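Sequence positions, counted from 1, serve as the residue numbers for this chain. Values reported hereafter were calculated over all heavy atoms of this structure, with side chains retained and with hydrogens, waters and symmetry mates removed. All of these numbers come straight from a predicted model, not from anything done at the bench.
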Amino acid sequence: MDNAKSDGKSLLQKILNYLLEIAAEYDVTLSLGDGLRPGCLHDASDLSFQIQELVTLGELVARARREGIQVMVEGPGHVQ
């Protein structure tokens with residue numbers, strides 16, 4: 001694999017179809033969580049990071065559901 005070139009996809013996006021195949025075969029429930037922890041209220045509603053992460057999680061859930069795979073989404077939170 002050529003590390004100098006990037007297609008802009010995360011590792012999860014690159015192997016998601018493979019993971020979905022495994023989850024379907026073994027009746028596994030996927031657990032997805034938010035990875036961008038906000039440090040303050042301003043960060044918690046930052047469109048370019050926090051909100052986009054929620055949109056991406058929604059897209060991942062939709063793909064899994066289309067394959068008949070159960071998904072849990074942990075978060076968002078951690079700002080009081």
Side-chain angles (χ1 to χ4, degrees):
M1 178 183 283
D2 184 6
N3 291 332
K5 296 179 183 177
S6 173
D7 59 7
K9 292 183 178 181
S10 71
L11 178 61
L12 176 61
Q13 291 170 320
K14 290 178 181 180
I15 64 169
L16 183 60
N17 289 335
Y18 177 65
L19 294 175
L20 293 177
E21 288 176 19
I22 293 171
E25 182 177 345
Y26 293 99
D27 194 25
V28 172
T29 298
L30 299 179
S31 175
L32 303 175
D34 58 338
L36 299 173
R37 305 291 179 161
C40 64
L41 284 177
H42 178 75
D43 292 344
S45 60
D46 185 299
L47 264 177
S48 60
F49 294 108
Q50 297 300 132
I51 305 302
Q52 184 56 47
E53 182 181 34
L54 295 176
V55 170
T56 301
L57 283 170
E59 292 168 352
L60 293 172
V61 169
R63 286 184 64 183
R65 285 184 178 171
R66 282 194 297 269
E67 301 297 323
I69 299 164
Q70 296 183 81
V71 180
M72 296 181 292
V73 178
E74 303 171 26
H78 303 78
V79 172
Q80 298 181 2

*With the side chain counted from C-beta on, respond yes when L16 and L60 share a heavy-atom pair under 4.5 Å apart, and no when they do not.*
yes

*Identify the heavy atoms of A64 and L30 that sit nearest to each other, and give their distance.*
CB-CD1, 4.4 Å

*How about M72 and T29: do any of their side-chain heavy atoms sit closer than 4.5 Å?*
yes

*How about Q70: does its CD atom have over 12 heavy atoms from other parts shown lying under 6.0 Å from it?*
no

*R63 CZ: over 12 foreign heavy atoms closer than 6.0 Å*: yes

*Is L20 close to I69 at the side-chain level, that is, under 4.5 Å between some pair of heavy atoms?*
yes

*To the nearest 0.5 angstrom, please state how far the CD atom of E53 sits from the CG atom of L32.*
10.5 Å

